[in-house]
Amino acid sequence: MKLKLDVDPDIAAMMQAEVLAGERAVTAAMRQAGSDLKADWRGQITGAGLGQRLARSIRNKTYPERGESLDAAAFIWSKAPKIIHAHDKGVLIHSKLGFYLAIPTEAAGKGRGGARLTPGEWERRRGIRLRFIYRRNGPSLLVAEKARINTRGTAVASRSKTGRGQVTAPIFLLVPQVKLRKRLDLARDAEKVAGAVPGLIVEKWADGG
């Protein structure tokens, strides 16, 4: 017995067209999934009060970068992974050198762009030497003596010759470690977006990618 199989050119073309449609659909779905997850993570970060700057550290990229593929994938990451991880997991932070962690009080004020100041930066900016005060119960302190509190609640150098309005202001709390509260749940959004991918592929396939 001799069998012969002939493939209709029209059927072959239809099959190839479906493969191409699938590649477009999968790639388009992954592009949207990556974009959606990036937006969700950025929204979580700003909603947690961590600021636009940290939110903008979330980036995404779709592979392949050019063309379409049935194996298309989306990669979402942060340019500040250690900070994101700390707020996502609620980690315990220690000083690298075994010293105290300096936590600024409201009287410390802010640096450029709202950045937190270190004790050394604070002394250079304010022109006041900080004094260490050890406390057995509770965090130790770095205080500014003969300072005044301005209208913004920030401690600055006092120019009073009589001492009027001068205060000793706690500028930094000194603690050996601090436990960050878990403020993010990135896995929740990732699972939600991943669960929507099959539906996105079907939708994009039906729409022609």
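- With contacts defined as side-chain heavy-atom distances shorter than 4.5 Å, the pair R126/T154 qualifies.
- Judged by distance alone, with hydrogens and angles left aside, the side-chain atoms of Q44 form a donor-acceptor pair with the main-chain N or O of D185 at under 3.5 Å.
- Grouping the Ile, Leu, Val, Met, Phe, Trp and Tyr side chains by contacts below 4.5 angstrom, directly or via other members, places L141 apart from Y100.
- When atom types are taken as modelled, the side chain of E68 and the backbone of L20 share no donor-acceptor pair closer than 3.5 angstrom.
- Between the side chain of R152 and the main chain of I149, no donor-acceptor pair closer than 3.5 Å is present.
- The shortest non-hydrogen separation linking A108 to L117 is O-CD1, 4.0 Å.
- Between W77 and K61 the shortest side-chain heavy-atom distance falls below 4.5 Å.
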*Decide side-chain contact (heavy atoms from CB on, under 4.5 Å) for V143 and L130; before the verdict, give the C-alpha distance in whole Å, the side-chain angles of both, and the deciding distance to 0.1 Å.*
CA-CA 5 Å; V143 302; L130 294 170; over 6 Å; no

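- Of all the heavy atoms in A102 and P104, the pair that sits closest is O-CD, 3.5 Å.
- The shortest side-chain heavy-atom distance between L184 and W41 does not fall under the 4.5 Å cut-off.
- Among all heavy-atom pairs drawn from T105 and P170, the shortest one is OG1-O, 2.8 Å.
- Nearest approach of A155 to I171, heavy atoms of both residues: CB-CD1, 3.6 Å.
- If you run side-chain contact (heavy atoms from CB on, under 4.5 Å) between L37 and each of L186, I58, N60, I76, only I76 comes through.
- Taking both residues in full, the closest heavy atoms of A29 and K204 are given as N-CG, 4.0 Å, listed atom of the first, atom of the second, then distance.
- Judged by distance alone, with hydrogens and angles left aside, the side-chain atoms of S57 form no donor-acceptor pair with the main-chain N or O of R53 at under 3.5 Å.
- Proximity of R148 to Q166: side-chain heavy atoms (C-beta onward) are nowhere separated by under 4.5 Å.
- Between the side chain of T46 and the main chain of G43, a donor-acceptor pair closer than 3.5 Å is present.
- Distance alone, capped at 3.5 Å, places no donor-acceptor pair between the K146 side chain and the G163 backbone.
- For the pair W122 and F172, the minimum side-chain heavy-atom distance is below 4.5 Å.
- Residue A74 comes nearest to G34 through the heavy atom pair CB-CA, 3.9 Å, listed as atom of the first residue, atom of the second, then distance.
- A side-chain donor-acceptor contact under 3.5 Å links K182 to the backbone of D88.
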*Chi angles and distances behind the side-chain contact (heavy atoms from CB on, under 4.5 Å) call for I45, I84*: CA-CA 9 Å; I45 292 167; I84 293 294; 3.6 Å; yes

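- Listed for the R183 side chain is no donor-acceptor partner under 3.5 Å among the backbone atoms of H87.
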